[in-house]
Undergrad: 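My questions all concern the structure below.
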Amino acid sequence: MKNLLHSATANILPFLLQTQKKQHVSILTYHRVLPEVDYMRPLEPTASDFEWQMELLSQHFNPLPLSDALAMLEYGELPDRSVCVTFDDGYANNEEIALPILKQFDIPATVFVATDFLNGGRMWNDTVIEVLRVIEGGTLDLTGIGLDIYSIGEIEERRRTAGTIIREIKHWPPSKRAAVVASMEDMVGVLPVDMMMSDDQVRSLKNNGVEIGAHTKSHPILSTLDLDLSRQEVVESKQFLESIIGDEVRYFAYPNGRPGIDYRTEHRDIVEIAGFEAAVSTNWGVVSPLSDKWQLPRFTPWDNNPLRFMIRLLLNFRN
């Protein structure tokens, strides 16, 4: 019965919305796929969530590799309800958990990798989260490093504090942000060093048909850097990934990805000049023939109910 409802929704809603034959593709954004619910990351899909999401895509949409979708868009040959699946950052669970599910449903994907964190690295925001997970006590005094005093007695308070700190320091200069994160890390013991992929896992994705894209070296907010450093982040991440996979890296994802806030027009131009064929932002919307190839919008459907997930994705084709 549910499958009939999903089929009817997938066929009727586009007709009502007048989104049929519009040459639109919705690029979906993921980061991690977790083995089970993590109270510090409650919005990240679990393996079971990701499985029903990919099953819906395989049954009621047209999942395409990003390269194929952009080529078909150029020639006006996109099928209705075209979607692309992408992942940002380069988490190990992309290869360990997401890849078998993608293969189960024959879903192509692109993974954008921040290269500095491969082989045992950890992204700064994950360090903040992991510190808040394990640090002892009911309060956290960070006034000595330019922040505040936070209540961390309950799980919800720890999660909220992690989010607050991440938002507070995200746009700080990278060196200042790194110093704060290092000080927080010094307050606790050993933190996980297996969150990000190894070189071998990147190659495994490539060998299993996943497109590998670049996501800078150290995942900085490009608008906080001078242009020479921005260019280095973009170009060297491309070169490093190409040395790993032995193939061209054609696509790029802007860290954080909000146009005019996290990157500017000059950064878009750096990406084009570096030889990328296209780049994705986090600006919500759907890709159309009018989209700038180096600022493609994406979409993140967070609904944990299959019907709502489908409806929100279908509604995105209007944007």
Side-chain angles (χ1 to χ4, degrees), residues 1-14 19 24-38 41 43-73 77-113 197 201-213 245 251 253 280 286-287 296 298-317:
M1 191 67 182
K2 285 184 178 179
N3 198 46
L4 289 176
L5 178 59
H6 294 160
S7 295
T9 301
N11 287 299
I12 294 172
L13 191 55
T19 56
H24 289 170
V25 57
S26 194
I27 304 177
L28 308 188
T29 310
Y30 290 90
H31 291 83
R32 309 166 188 82
V33 177
L34 303 177
E36 56 190 17
V37 175
D38 180 354
R41 298 180 176 87
L43 296 180
E44 295 289 356
T46 64
S48 60
D49 294 328
F50 190 67
E51 185 172 1
W52 65 250
Q53 291 172 6
M54 294 305 100
E55 185 176 14
L56 277 180
L57 292 187
S58 70
Q59 291 177 343
H60 305 296
F61 293 84
N62 286 293
L64 299 169
L66 184 58
S67 55
D68 288 0
L70 295 180
M72 295 170 82
L73 177 66
E77 298 174 350
L78 272 175
D80 286 343
R81 304 195 300 275
S82 293
V83 295
C84 298
V85 173
T86 68
F87 293 83
D88 283 4
D89 300 333
Y91 287 99
N93 53 46
N94 294 175
E95 194 266 349
E96 296 164 353
I97 299 176
L99 178 60
I101 297 171
L102 292 167
K103 292 178 69 175
Q104 177 185 351
F105 295 105
D106 197 25
I107 304 287
T110 302
V111 175
F112 296 102
V113 180
M197 283 193 288
Q201 287 179 305
V202 175
R203 283 189 283 267
S204 171
L205 289 177
K206 173 67 167 58
N207 292 338
N208 280 281
V210 175
E211 293 178 323
I212 302 299
I245 65 174
Y251 306 111
V280 294
V286 66
V287 178
L296 298 173
R298 287 191 288 176
F299 177 67
T300 307
W302 287 117
D303 298 278
N304 57 14
N305 171 280
L307 183 59
R308 286 200 296 268
F309 177 93
M310 172 179 284
I311 290 173
R312 194 181 302 276
L313 183 49
L314 290 169
L315 288 172
N316 185 55
F317 283 98

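What you see is a predicted model, and the numbers here were worked out from it, not measured in a lab. The chain is numbered in sequence order, starting from 1.
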Undergrad: What pairs of residues pass the salt bridge (charged side-chain N to carboxylate O under 4.0 Å, His left out) test when at least one of them lies in residues 54-66, not counting sequence neighbours?
TA: none

Undergrad: Applying side-chain hydrogen bond (donor to acceptor under 3.5 Å, both in side chains), can you list everything that pairs with N316, at least two apart in sequence or on another chain?
TA: S26, N319

Undergrad: Applying side chain to side chain contact (heavy atoms under 4.5 Å, CB included), run through I245 and V202 and close with a yes or a no.
TA: CA-CA 7 Å; I245 65 174; V202 175; 3.8 Å; yes

Undergrad: Given 3.5 Å as the limit, does a donor-acceptor pair link the side chain of D89 with the main chain of V113, or not?
TA: no

Undergrad: What's the verdict on side chain to side chain contact (heavy atoms under 4.5 Å, CB included) for V33 and T46, showing C-alpha distance, side-chain angles and the deciding distance?
TA: CA-CA 5 Å; V33 177; T46 64; over 6 Å; no

Undergrad: Are the side chains of T86 and V111 in touch, meaning some heavy atoms are under 4.5 Å apart?
TA: no

Undergrad: To the nearest 0.5 Å, what is the distance between CD on Q59 and CE on M310?
TA: 8.0 Å

Undergrad: Mind checking what makes side chain to side chain contact (heavy atoms under 4.5 Å, CB included) contact with E96, not counting sequence neighbours?
TA: A92, Q201

Undergrad: Should we say atom CG of N305 is surrounded by more than 12 heavy atoms from elsewhere, each under 6.0 Å from it?
TA: yes

Undergrad: Any non-hydrogen side-chain atom of L28 less than 4.5 Å from a side-chain atom of L313?
TA: yes

Undergrad: How long is the straight-line distance from CG of L56 back to CG of L307, given to the nearest 0.5 Å?
TA: 9.0 Å

Undergrad: My understanding is that only residues two or more places apart in sequence, or in another chain, count here; which of them pass ring-ring contact (aromatic ring centres under 6.0 Å, His included) with F87?
TA: Y30, F50

Undergrad: Grab the two heavy atoms, one from F105 and one from M54, that are nearest each other, plus how far apart they are.
TA: CD1-CB, 3.9 Å

Undergrad: Applying side chain to side chain contact (heavy atoms under 4.5 Å, CB included), name anything that partners T300, two or more places apart in sequence or on another chain.
TA: T29, W284, W302

Undergrad: Going by the rule salt bridge (Lys or Arg N to Asp or Glu O under 4.0 Å), which residues pair with R32 if we only count those two or more places apart in sequence or in a different chain?
TA: E44, D126

Undergrad: Taking side chain to side chain contact (heavy atoms under 4.5 Å, CB included) as the test, write out the residues that go with P65, two or more places apart.
TA: S67, D68, P108, E211

Undergrad: Using distance alone, with no hydrogens and no angle criterion, decide if E95 and S204 have a side-chain donor and acceptor under 3.5 Å apart.
TA: yes

Undergrad: If the condition is salt bridge (Lys or Arg N to Asp or Glu O under 4.0 Å), which residues does D303 pass it with, not counting sequence neighbours?
TA: R312

Undergrad: Could you measure the distance from the CG atom of L70 to the CG atom of L66? Nearest 0.5 Å is fine.
TA: 4.5 Å

Undergrad: Give the minimum heavy-atom separation between S82 and L64, together with the two atoms involved.
TA: OG-CD1, 3.7 Å

Undergrad: Can you see which heavy atom on T110 is nearest to which on G213, and at what distance?
TA: CG2-N, 4.3 Å

Undergrad: Run the salt bridge (Lys or Arg N to Asp or Glu O under 4.0 Å) test against D88 and tell me which residues pass, sequence neighbours left out.
TA: R298

Undergrad: D49 and P45: which non-hydrogen atoms are nearest, and at how many Å?
TA: OD2-CA, 3.8 Å

Undergrad: If every non-hydrogen atom of N94 is compared with every non-hydrogen atom of H31, which pair is closest and at what distance?
TA: ND2-O, 3.0 Å

Undergrad: If every non-hydrogen atom of V210 is compared with every non-hydrogen atom of A109, which pair is closest and at what distance?
TA: CG1-O, 3.4 Å

Undergrad: Step by step, would you call F299 with I27 a side chain to side chain contact (heavy atoms under 4.5 Å, CB included)?
TA: CA-CA 6 Å; F299 177 67; I27 304 177; over 6 Å; no

Undergrad: Please enumerate all residues that pass side chain to side chain contact (heavy atoms under 4.5 Å, CB included) together with E77, with sequence neighbours excluded.
TA: M72, Y75

Undergrad: Going by heavy atoms in the side chains, are V25 and V83 under 4.5 Å from each other?
TA: no

Undergrad: Could you give the distance from CG (L99) to CG (N207), rounded to the nearest 0.5 Å?
TA: 10.5 Å

Undergrad: Of all residues at least two apart in sequence or in a different chain, which pass the ring-ring contact (aromatic ring centres under 6.0 Å, His included) check with F309?
TA: W52

Undergrad: Taking side chain as C-beta onward, heavy atoms only, is V85 less than 4.5 Å from P63?
TA: no

Undergrad: Determine, step by step, whether L78 and N62 satisfy the side chain to side chain contact (heavy atoms under 4.5 Å, CB included) criterion, reporting the C-alpha distance in whole Å, the side-chain angles of both residues, the deciding distance to 0.1 Å, and the verdict.
TA: CA-CA 9 Å; L78 272 175; N62 286 293; over 6 Å; no

Undergrad: Rounded to the nearest 0.5 Å, how far does CD of Q53 lie from CG of N304?
TA: 9.0 Å

Undergrad: Which residues satisfy the side-chain hydrogen bond (donor to acceptor under 3.5 Å, both in side chains) test with D38, sequence neighbours excluded?
TA: R41, R133

